[in-house]
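Have a look at the structure below, then the notes.
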Amino acid sequence: MMTKFVKTKDYEASQFDDEWVILNTDQFTATKVNEVGGFCWGLLDNVQTVDSIAEEVKHHFKIVEDIESFKQDIEQFITELHHYGLVTYAG
Amino acid sequence: GQKTHNKPEVLSHQQIV
């Protein structure tokens, strides 16, 4: 069974050039992510799996490689967001 | 055909004081 993730809360995110800053107003933290990270953050409005995020990233950024090649990067990113309290497990 | 460029990354994480 694939692990599902979703935003802990709809924390505000602001874009500065190619970077995004996510403000956690519960823990008073600011997390800066790159452009791809900001795109992934936007997807997490809805419940996602690593595979579903990878598919969306592949489509949006027109990546020719198979998603298997970068799924691990996405999993690591989501795990980090979870560690910072921005993402929670969904079901 | 752009891998590193398309890797989602946390660039920094800090407490707001």
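Naming convention: chains lettered A, B, ... in sequence-line order (proteins, then strands); numbering from 1 in each chain.
Pairing each heavy atom of A/D73 with each of B/P8, the nearest pair is O-CG, 4.2 Å. Residues A/D10 and A/D45 share a closest heavy-atom pair of OD1-OD1, 3.9 Å.
For residues 26-59 of chain A, the ring-ring contact (aromatic ring centres under 6.0 Å, His included) pairs, not counting sequence neighbours, are A/F39-A/H60, A/F39-A/F61.
Around atom CD of A/E12, no more than 12 heavy atoms belonging to other residues, nucleotides or ligands sit under 6.0 Å away.
In this structure, chain B has no heavy atom under 4.5 Å from any part of A/I22. For A/Q27, the part sitting under 4.5 Å from any heavy atom of chain B is the backbone (N, CA, C, O) and nothing else. Looking at A/I53, there are no atoms closer than 4.5 Å to chain B (heavy atoms on both sides), in backbone or side chain.
The candidate from A/G38, A/A30, A/C40, A/G37 with the greatest count of non-hydrogen atom pairs under 4.5 Å with chain B is A/A30.
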